[in-house]
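This structure is a prediction, so every number in the text was calculated from the model and none was measured. In what follows, every chain begins at residue 1, and chains take the letters A, B, ... in the order their sequences are listed.
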Amino acid sequence: MPVSENGTAQEVAAARVLVGSASDFREGDRKLVQVAGRTVGVFRVEGRFYAYENTCLHQGGPVCEGRYFPKMTAVVTGDGRVLGEKYDESEPHLVCPWHGWEFDLRTGEFCGDRSKKLRSYTVETEGDEVYVA
Amino acid sequence: MSELYDRGKIQIENLLRNARAQADQRGFDRFPIVDVDSHHYEDRRWDEIIPYIEDDGIRDWARAMTERSGKAAATTITTAQVGNQEVSGRILRAGRNQLADLRDLSAEQRKHDDVARMLWAMDMMGIDYTIMFPTPMLHLSLHPAAEVEVALARAYTRWLTEELLPQDDRIRTLAYLPFNDPEASLRMIEEFGDTPGVVGFMVTSIRYRPVHANEYAPVYAALQERGLPLAFHAAYNWHEQSMTQLNKFISAHALGFSFCNIIHMTNMIVNGIPERFPGLKLAWVESGLAWIPFLMQRLDNEYLMRTSEAPLLKRLPSDYMRDMYFSTQPMERTAPTGMMRESFEMMNAENTLLYSSDYPHWDFDVPSVIYDLPFLTDRARHKILGGNACELFGLPTDKRAPASAAEAGLAPMVGEAVPVASTLS
Ligand code: FES
């Protein structure tokens, strides 16, 4: 089983699966496809494609069907007072609809513990065609 | 980036499809699964329930509030809590917003919508029997007028047992006791104790009348005599004086759901209710499990220094607790496996735990949460997931959920089981 740069084992599908044409994907669009018996969510974020298994690390919920929310941050003054909360839109999260576990949409990392990641898949584009492998 | 967030929401076709896959992968068709705590949203049915209110004044009050406020009537006649269950819209609960949009379950099954939704969720999770609780009524215990608690409890119970439960015997209830009125509670037991579908009674735990008060002696005696369990269903009360210091839902919820049952359990034990009513079957619902070893240690430690303050006790407080029943959800699963194993042993888990989903509430547990615990024997698994509840509530042990996704009307799902995280470490 090949291991990606970050050391996480990646699923290898028996064959590539055609997801659709790249031009069908606008920013933020996603598609669910079947890859070797598993449901995989394919996302387009800032022009790049990401694919994750639709199984949450918590109780196995359909994480890829969840909503996107920006990372939440607290506004803290230099002297330690909290002034409120602000979204950081530069870090989009994919939120599992079952109980709210949040994952970094661009890495699949679990935001509650960055050492845990969603099972990810390699996305290949050939011409206008997008494949999950 | 805002373009991205504009497309952040899609229609989910079947929110519980993965639960059905888990049931298939684990073979949940091999043994009965009982869910001792699921919910419906009775506040959406007040127009059906109101005609069952017997008191003319309270019925007209309720009707007038419905006409004025529509669906909000439930919170104008009962009591409301400040809430943020869905973490500002992140969690999508099936009971609220899924599937019913796509097809009309109740028309398909010719059943009340609440029955149809419940059966659908049970079929998806592989659950054979469920004990269904209301939702906003869990706060009715805080109503300042005891007669309103009595009137609504009676109306709800009559509606439930006359209209809903006769439609399918997979759904049972622990009937609501209006505990702010002990005499009315006793009358409820006498009236509904033998009603089909009623497997016991429940008290909602956010309340202020001490449960060891002598006025409850006839209530406990009546339950003991009939062999009917009494469940204390936890809730949170953000208006509770100590809780008003907490600014976040996470805080009020995490503490509140254990806090209320810790208070009642402490009163029950220290005042010797298990010695006075040794046949009374008590179940503690929806406080999680971590509070049990905590309270066992706190009470045992102090009891040994102060036995004369609890003269009715013949055993350690924890010994009495090990004779009671506890629902499993929301099961805290972040401790090291060894610590969880010890906790399970300490609470006699194999014989006292009752699986509960709490579905469709936000912190629900699928049956795999129990099934995948690495330290349970098969026997313990089966007992916690169903056997203990079948025995306690006198339920049949036959399989009622579909045996597979295909039987449940879904395309077959393949792929091997991915264990749900038993711990984070
Ligand atoms: S299954 Fe995803 S948050 Fe629980």
Side-chain angles (χ1 to χ4, degrees), chain A residues 11 25-32 34-41 43-48 53-72 82 85 87-102 105-106 110 112-113 115-116 118-119, chain B residues 1-22 25-26 85-94 97-98 247-248 250 330-331 333-334 357 359-369 372 411-422 424-425:
Chain A
E11 181 72 6
F25 274 86
R26 293 164 303 173
E27 172 71 2
D29 277 342
R30 70 182 105 176
K31 275 191 184 174
L32 295 172
Q34 295 297 315
V35 180
R38 297 175 187 278
T39 307
V40 174
F43 302 83
R44 181 174 178 147
V45 183
E46 291 177 309
R48 289 195 57 185
E53 185 181 338
N54 191 26
T55 305
C56 181
L57 301 182
H58 179 220
Q59 291 188 23
V63 56
C64 293
E65 296 173 71
R67 296 181 68 175
Y68 310 147
F69 274 79
K71 177 186 180 171
M72 183 60 87
V82 172
E85 291 171 353
Y87 278 134
D88 173 0
E89 290 208 352
S90 70
E91 188 183 307
H93 289 178
L94 176 63
V95 187
C96 178
W98 273 11
H99 315 93
W101 276 32
E102 298 194 20
L105 192 47
R106 289 167 307 184
F110 172 41
D113 175 353
S115 70
K116 307 267 185 293
L118 292 174
R119 188 188 298 237
Chain B
M1 274 286 176
S2 66
E3 230 194 323
L4 172 105
Y5 297 109
D6 289 347
R7 305 203 177 96
K9 191 177 185 183
I10 58 165
Q11 176 66 51
I12 302 174
E13 257 182 62
N14 181 345
L15 191 78
L16 290 179
R17 193 184 167 84
N18 285 10
R20 187 57 249 184
Q22 290 178 5
Q25 289 157 343
R26 288 159 181 78
Q85 278 80 350
E86 292 85 12
V87 201
S88 310
R90 287 167 176 79
I91 295 172
L92 307 173
R93 296 189 292 177
N97 51 20
Q98 300 299 332
N247 66 327
K248 297 273 191 175
I250 179 180
M331 197 169 80
R333 297 182 298 136
T334 53
S357 74
Y359 191 81
H361 289 175
W362 73 275
D363 52 347
F364 72 97
D365 281 345
V366 289
S368 318
V369 163
D372 291 359
M413 287 167 274
V414 290
E416 77 274 19
V418 181
V420 308
S422 62
L424 255 188
S425 48

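The aromatic rings of A/Trp101 and A/Phe110 lie parallel to each other, their planes meeting at an angle below 30°, with 60° marking the opposite boundary.
Judged purely by atom type and a 3.5 angstrom limit, A/Asn54 has no side-chain atom pairing as donor or acceptor with the backbone of B/Asn18. No donor-acceptor pair under 3.5 Å is formed between the side chain of B/Arg17 and the backbone N or O of B/Asn14.
In this structure, no portion of A/Leu94 lies under 4.5 Å from any heavy atom of chain B. Contact annotation for A/Cys56: neither backbone nor side-chain heavy atoms come within less than 4.5 Å of a heavy atom of chain B. When heavy atoms are compared at a cutoff of 4.5 Å, B/Val366 approaches chain A by way of both its backbone and its side chain.
Taking A/Pro62, A/Gly66, A/Gly100 one by one and counting their heavy-atom pairs under 4.5 Å with chain B, the maximum is reached by A/Pro62. Chosen from A/Arg26, A/Gln34, A/Arg44, the residue pairing most often with chain B at heavy-atom distances under 4.5 Å is A/Arg26.
B/Ile10 CD1 to A/Tyr68 OH: the interatomic distance, rounded to the nearest 0.5 Å, is 7.5 Å.
No side-chain heavy atom of A/His58 sits less than 4.5 Å from a side-chain heavy atom of A/Cys96.
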